[in-house]
Each structure stands twice: as structure tokens, then as C-alpha cells.
Amino acid sequence: MESEAGEAVSRRFDDVIRLALERGFFMPASEIYGDAPAGFWDYGPLGVALRRKFIELWRRELVKRDGMLEIDGAQILSKSVFKASGHLESFVDPIARCSRCKAIYRVDKLIEEKTGIHVPERLDLGEMRRIVKERGIRCPSCGAKLADFAHFNMMFRVGVGAAGSDAYLRPETCQNIFVDFMRIYKTMRGKLPLAIAQFGKSFRNEISPRQGLLRMREFYQAEIEVFFNPNRANEFPKAEAVMDYALRLQPVGEDKPLEVSCREALDRGLVSSKLIAYYLALIQQFYEKAGIPRNRIRLRELDPDEKAFYAVEAWDLEVETSLGWIELVACNNRGDHDLGGHQKASGHEMEVLDGSERVLPHVFELSMGVDRSIYCILESSLATSNGKTVLKLPPYLAPIDVAVLPLISKEPLTSKAREIYDALKLEFDAVYDESGSIGRRYVRYDEVGVPVCVTVDHQSLEDDSVTVRFRDTAHQLRIDLDEVAGFIRGYLAYP
RNA sequence: GCGGCCGUCGUCUAGCCUGGAAGGACGCUGGCCUUCCGAGCCAGCGGUCCCGGGUUCAAAUCCCGGCGGCCGCACCA
């Protein structure tokens, strides 16, 4: 892929990484040591602030808007949890190693490739070994015998306590929600449909992590699990509010997204229920408010081969970037896989009363990749103006709200500016800066997306006014000092 | 995990082929100057040349191994 587009692609990705490294958004973990494993990243000060604001927007647009309950679960969970969830068995790849050149292969894929026989991933290893032997399948690169048949599980195993009992770092945050469901339902006086949300870390031992924040071994998810009565997924009054909202749906068989209202999507049977249409609308609206242009968002239906082992209906919210379409949110109808599995394995009742009906709730999830979202927001906000970088984040996502600057670095302008900074710093994420020319400082803050700068000049000393300078236009406005806080508050307001 | 390319101050890079004092630009810090968009001047800061081993009088440079990055394949539960 050496086309012009291909080159532009890598340049744009590189621009984001360069900005991130240079200005402290994020950096490789364990960076100063040579044995730093791939797939682990540290967030720096600006990255933390951006992520915090992104999550605050998520709380506002999804959790609060919909009256969801938020929890914060443990990252290490018992082996039994993953036995019941299916991850211990299904979260694995069957692999084998060449006895001579040591290359590692996916056995199921290799058999399929060589013989055309479809091999279920979960087929017994002995069975796979038998097929390989019978069909005389050998190492594709050197022709030697295959050996060391094994399951590679992508969960990180940890030893708990002195005995080192097996437990696992969660590969998805939602298992806490399923395990805790009954207690939350009871103690919070729950009623179906009930949505429980969680923001936190997950861990997957990726074979080959790559592309910065896009595929990590330790990463943030913001997940929402909606528990509902499958017989009543169309009795959903809240959905009326979004019936005219246009989804960008790409059902199986389409090669580009269709603009269809929720109503039309339901009428045409593209989406299976009002409940699902409603949540697809909420998540798409959320990304529009996070600053991703609508025409770069799509909700793509997964065909059966692509779906996770637990999914019965699956839509991915994807965003188009210079690297292609990136999956940011998995919207899965998980059916009763989870509560059913935990009910059976734990012996704990998971059925609840919905009216007079006794029902094992089904689950629709919105599983968001936070770090990937941060990358996409950075990339889509990155603009160039007169050869200079301007990060055009929505103001309410900007890591720094306001920079307070004396026009020149000289008393009494500096003292005056410091007073203003002190008055703003508790309410806002503010910085004070007197280093370098005023133009240099504007550029410095444009580059990290600060939406407004407050500048103290000679006139400020006479009449207690300041100028407010806007990142996106470089225009300035003079306002009275006692209106500054209110003005910034208004400018940073959510849409 | 395989294959190709690659790894030098915070960032970008010169130097590597042909072994011989790690240099520049931007940035950052302090000062002077400066009343609005990367100004100027002065003085500074900043590098385990990815790591380990080998060859050599001498290694950023050559060789081997590892780690990491990008791209392609595979994978993405």
C-alpha cells in the first residue's frame, strides 16, 4: 500500500503519536527499560484530563440520561467466574508449533486452509491432532512435523495468596456486572429494563499488540449492560424520543452505511427491537457529541462469523480514521448467555419478576473501548492552520479549559494575571504562563486544544477588563473581569 | 507468531555504506527586549546512540541474539 493515500495514512497516525509523546498525552509504559513489553501505555497529565472529560461526557450522555446504575468492580476475579462465562474454554486459540522451525500456527485455521474442512475453534485438541496426522498436514514454511498442541488462553492468570490460587485479570469489565446483578437489582430496587454501567480496566494477552492505543494488553472499557425481558423488548416508551433520529446503519450485505431513522430501521426489520434501536441511537449521538463527524460514524452489523461466542445480534460502532474503520463500541445482544451461565454454575437464582412474569433477563451491551476512542478523537480533532497544529477538541473535552496569560512578562501585568488564574483554577482546569512571546504562547495552547486564552493587557490595569482569545478563530473579545468565569462556564457547556 | 523495513537529546533528524571527538533544527530554562499571534539578542538545558554479547587498538557505525516500532499476513475472545 504505497499509494498517496497510504502515505497520508501513516503520516496522520504519526502526527497523533508525535503530539502525544511531545505534549504528554500518553507514552509507552516501562519506557526506559529495554525489556518493556508491547501493548502497555501510560497516560500523561493531558491524557488523563482528556480521558476524564470523555468519561464525564459518557456519564452525562448515557449513564445519567438513561438513569443507569454505575459500579466499579475488582479487576481480579475468581476462576469460577470465567468458567461460567465461557472465557476459560472459549477465550482461547488452539495452537501448534513446528518441531523444526518453531513457527506457531492456529491449528483450526491451518486445517481449514489445507483441507477446506471447517473446524470449530473449540474442538478437542486430541481431535485436531488426529486430523492433522491423518491428513498429513505439516509446517507450511519448512515442511516439518507439527507438535506441542495447546490452547493459548488470552486471559492473564494470576496467583492469589501464598498458595498462588488461580484467578484471572478480567478480559472484559462486564463480568462484574453479571455477577453483581442480583444484589444490585435487590438493593437498588431494580425493575426491568435495568442498565448497569462500569468504567475500568480490562486485560487481554494479545499475541501481537500494535498501533498505540488501538490494541493494548491493558486497556480501559466503559461498558453498559442493559438487562431486559426478551418478551417485552418492544414495549419501550423511552424509544419514542429517538424515533426520528437518523442512524447510520450498515446491515449485513450493505457495503456502505444507510441513513435511516430509528422508526424506519424498525419498520424494515433492520434492528430487532425498540430497545436496541434506542441504545444504538444513544451511542451514536454520544460520539457525535464527542466531536466525531457523523459521516465518519457507522453502525455495522456483524455477520455470524465475526460475532463473539456469546452474541446473538451484534453491531459495531466504527469510526473512520486514516487507518481505516476502527471498532470503538461492540453493541451485542448477549441473550441469556451470561445470567444463565452464572445461574447454572453458581446455583444462585438469577431470575426476576417483571410484573407478574418470572424471567431470566437478557442482556444488551454497549462495550466501549475508551483508549481507542481517545485516539479517534485526537485524530479527528487534529488540524493545521498556517503550518501550525491546532487541536480542535470540543471545548468540554479539552484537557485544559483556559490559559491565563499576561500580554508581556512584566509587573504589574504578571501579578494581575496570577490573581485571575488563582480565581479560576479551582473551578476550571486552568494554567498560567508568562514564558515567551504572546504569539508563541497562543500556539503552545492551540496545539493541546485549549479553547480559550484570557489575556491581561495594559487596559486590564485601568478598567478591570481582559481579552478572551478563541482557539479556532484567533478572534478576541474584551470582557469585564467579573464576567470571565461565567463566560468560560458558558463556553465549555455541554451541547 | 511469520516476513519486509526500521530504532541517535523532549520532538524531528545528520552521522552508519567506507569503524577514529555524537552534530544540527525545533523545543525547553534563565536574562535582556517586547502592548496581541511561532520576533530578536545573550546565556544555558538536554543523548544508557534500544538492550546484551562478539570482532577490533578503537563500535552509533561491522557481526550475532534479544526487545521495541511501522507495514503485510495471521489474530482482535
Side-chain angles (χ1 to χ4, degrees), chain A residues 1-2 6-7 9-10 13-15 17-24 27-28 30-40 44 82 85-93 95-98 101-106 108-110 113 121-122 139-142 152-155 171-172 202 204-212 214-217 219 306-311 316 323 326-327 330 332 367 369 372 385-390 405-410 413 435-447 453 455-461 467 469-471 473-476 478:
Chain A
M1 191 172 74
E2 290 309 310
E7 284 164 29
V9 160
S10 52
F13 176 79
D14 291 347
D15 286 346
I17 299 294
R18 188 176 307 130
L19 179 70
L21 290 175
E22 198 166 1
R23 302 304 304 270
M27 63 212 96
S30 311
E31 196 183 3
I32 64 168
Y33 290 102
D35 63 351
F40 298 94
F82 300 111
S85 71
H87 284 87
L88 219 44
E89 201 185 308
S90 302
F91 200 56
V92 294
D93 291 335
I95 55 172
R97 186 184 291 272
C98 169
C101 72
K102 303 300 175 199
I104 288 179
Y105 298 97
R106 278 281 300 265
D108 56 327
K109 300 279 173 190
L110 195 60
E113 188 188 317
E121 234 176 80
R122 274 181 269 176
C139 173
S141 80
C142 78
F152 175 73
N153 194 299
M154 300 222 285
M155 285 194 292
E172 51 181 14
S202 287
R204 297 178 185 177
N205 201 357
E206 293 280 356
I207 294 171
S208 142
R210 203 173 274 193
Q211 293 179 324
L214 297 182
R215 262 178 82 202
M216 304 196 289
R217 288 178 166 139
F219 57 101
E306 291 181 287
K307 285 189 294 198
F309 64 86
Y310 46 68
D316 277 355
L323 300 168
I326 309 245
E327 173 196 340
N332 292 312
S367 173
R372 292 175 164 200
S385 162
N386 300 327
K388 290 167 277 185
T389 299
V390 182
L405 315 169
L407 184 61
I408 56 166
S409 172
K410 200 172 230 174
L413 289 177
S435 159
S437 72
I438 189 67
R440 175 184 294 271
R441 280 174 281 159
Y442 287 149
V443 168
R444 202 179 275 157
Y445 294 107
D446 285 349
E447 196 180 28
C453 292
T455 305
V456 177
D457 60 13
H458 189 64
Q459 192 180 329
S460 308
L461 302 171
T467 64
R469 181 266 189 190
F470 297 93
R471 172 194 72 197
T473 59
H475 286 147
Q476 279 176 287
R478 181 166 288 277

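Naming: A, B, ... by sequence-line order, numbering from 1 per chain. Computed from a predicted model, the values in this text were never measured in an experiment.
- When each of Arg217(A) and Gly439(A) is assigned the nucleotide of RNA chain B with its nearest heavy atom, Gly439(A) is the one assigned upstream, toward the 5' end.
- Evaluated for a salt bridge (charged side-chain N to carboxylate O under 4.0 Å, His left out) with Asp446(A), the options Lys388(A), Arg441(A), Arg469(A), Arg440(A) yield exactly one hit, Arg469(A).
- Regarding contacts with the backbone of C71(B), a side-chain N or O of Gln211(A) is found under 4.0 angstrom from either OP1 or OP2.
- Summarising the geometry, the separation between CD1 on Ile408(A) and C1' on C37(B) is reported as 16 Å, rounded to the nearest angstrom.
- Nucleic acid contact class of Ala474(A) (heavy atoms, under 4.0 Å, all strands): base.
- Side-chain contact between Leu405(A) and Val456(A) is absent, with no heavy atoms from C-beta onward closer than 4.5 Å.
- At C36(B), none of the side-chain N or O atoms of Thr455(A) fall inside 4.0 Å of OP1 or OP2 (strictly under the cut-off).
- Contact annotation: the side chain of Met155(A) never approaches that of Asn205(A) to less than 4.5 Å [non-hydrogen atoms, C-beta and beyond].
- Between the P atoms of C57(B) and U48(B), the separation comes to 29 Å (whole Å).
- Checking side-chain atoms of Arg23(A) against main-chain N and O of Arg444(A) turns up a donor-acceptor pair under 3.5 Å.
- Residue-to-nucleotide proximity on RNA chain B shows that, of Met216(A) and Leu413(A), the 5′-proximal contact is made by Leu413(A).
- Side-chain N/O atoms of Arg441(A) and base N/O atoms of C37(B) include no donor-acceptor pair closer than 3.5 Å.
- Of the listed nucleotides (U11(B), G69(B), C36(B)), U11(B) has the atom at the smallest distance from the side chain of Leu21(A).
- Following rounding to the nearest Å, Arg210(A) (CZ) and G3(B) (C1') show an atom-to-atom distance of 11 Å.
- At least one side-chain nitrogen or oxygen of Arg444(A) sits closer than 4.0 Å to the OP1 or OP2 atom of C28(B).
- A 3.5 Å limit on both hydrogen-bonding distances identifies G4(B) as the Watson-Crick or G-U partner of C70(B).
- In this entry U35(B) has no Watson-Crick or G-U wobble partner, no candidate having both defining distances under 3.5 Å.
- Nucleotides C5(B) and C63(B) place their P atoms 13 Å apart, quoted to the nearest Å.
- Summarising the geometry, atom CG belonging to Leu214(A) is positioned 6.5 Å from atom CG belonging to Leu323(A); distances are rounded to the nearest 0.5 Å.
- Rounded to whole Å, the separation between the C1' atoms of C71(B) and G65(B) comes to 24 Å.
- Within 3.5 Å, a donor on the side chain of Gln476(A) pairs with an acceptor on the base of C36(B), or the reverse.
- A donor-acceptor contact under 3.5 Å is formed by the side chain of Arg215(A) with the base of C75(B).
- Rounded to whole Å, atom P of G72(B) lies 12 Å from atom CZ of Phe13(A).
- The base of G27(B) lies outside donor-acceptor range of the side chain of Arg23(A), with no N or O pair under 3.5 Å.
- Using atom P as the reference point in both U8(B) and G52(B), the two lie 16 Å apart (nearest Å).
- Contact annotation for Gly387(A): base contact, defined as any heavy-atom pair under 4.0 Å involving a base atom.
- At A39(B), one or more side-chain N or O atoms of Arg440(A) fall inside 4.0 Å of OP1 or OP2 (strictly under the cut-off).
- Going from atom CD of Glu22(A) over to atom P of G38(B) covers 18 Å, rounded to whole Å.
- Checked by atom type and distance alone, the side chain of Arg217(A) never pairs as donor or acceptor with a backbone atom of Gly39(A) at under 3.5 Å.
- Comparing G46(B) with A25(B), their C1' atoms are spaced 14 Å from each other, to the whole Å.
- Thr467(A) has no side-chain polar atom (N or O) that falls below the 4.0 Å cut-off from OP1 or OP2 of C36(B).
- With a 3.5 Å ceiling on both atom-pair distances, the Watson-Crick or G-U wobble partner of C12(B) is G24(B).
- Taken from CD in Gln211(A) to CZ in Arg372(A), the straight-line distance is 9.0 Å, to the nearest 0.5 Å.
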### Query
After noting the C-alpha distance and the side-chain angles of Thr467(A) and Gln476(A), does the key distance pass the side chain to side chain donor-acceptor pair (under 3.5 Å) rule?
CA-CA 6 Å; Thr467(A) 64; Gln476(A) 279 176 287; 3.2 Å; yes
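- C62(B) and G54(B) make up a base pair, with Watson-Crick or G-U wobble contacts both under 3.5 Å.
- Under the Watson-Crick or G-U wobble criterion, with both distances below 3.5 Å, G47(B) is left unpaired in every strand shown.
- Taking atom C1' in both G20(B) and G15(B), one finds a spacing of 13 Å when rounded to whole Å.
- On the P atoms, C28(B) is 15 Å away from G10(B), given to the nearest whole Å.
- Summarising the geometry, the separation between CG on Asp35(A) and C1' on C67(B) is reported as 8 Å, rounded to the nearest angstrom.
- When the nucleotides C76(B), U35(B), U29(B) are ranked by their closest atom to the side chain of Met154(A), C76(B) comes out on top.
- Judged by distance alone, with hydrogens and angles left aside, Asp457(A) brings a side-chain donor or acceptor within reach of the base of C36(B), the pair sitting under 3.5 Å.
- At a threshold of 4.0 angstrom between heavy atoms, the contacts of Gly369(A) with the nucleic acid are absent.
- Between Phe40(A) and Pro209(A) the shortest side-chain heavy-atom distance does not fall below 4.5 Å.
- Nearest nucleotide to the side chain of Ile32(A), out of U11(B), C36(B), U48(B): U48(B).
- Checked against U11(B), C76(B), U35(B), the side chain of Arg18(A) finds its nearest nucleotide in U11(B).
- For the atom pair Met216(A) CE and Ser202(A) OG, the distance stands at 10.5 Å (nearest 0.5 Å).
- Residue Lys388(A) places none of its side-chain N or O atoms closer than 4.0 Å to OP1 or OP2 of C37(B).
- Across the strands present, G30(B) finds its partner in C42(B); the criterion is a Watson-Crick or G-U wobble pair with both atom distances under 3.5 angstrom.
- Within 4.0 Å of Ser409(A), counting heavy atoms only, lies at least one base atom of the nucleic acid.
- Side-chain to base pairing of Tyr442(A) with C36(B): one donor and one acceptor N or O lie within less than 3.5 Å of each other.
- Listed nucleotides: G68(B), U34(B), C76(B). Nearest to the side chain of Ala38(A): G68(B).
- Residue contacts for Pro28(A): at a heavy-atom cut-off of 4.0 Å it reaches no nucleic acid atom on any strand shown.
- With P as the reference atom, U29(B) and A39(B) are 13 Å apart, rounded to whole Å.
- The nearest whole Å value for the distance from the CG atom in Leu405(A) to the C1' atom in C37(B) is 11 Å.
- For Asp446(A) and G27(B), the CG to C1' distance is 17 Å, given to the nearest whole Å.
- Protein atom OH of Tyr33(A) is 12 Å distant from nucleotide atom P of U48(B), rounded to whole Å.
- Remark: U18(B) base-pairs with no nucleotide in the shown strands. Criterion, Watson-Crick or G-U wobble with two distances under 3.5 Å.
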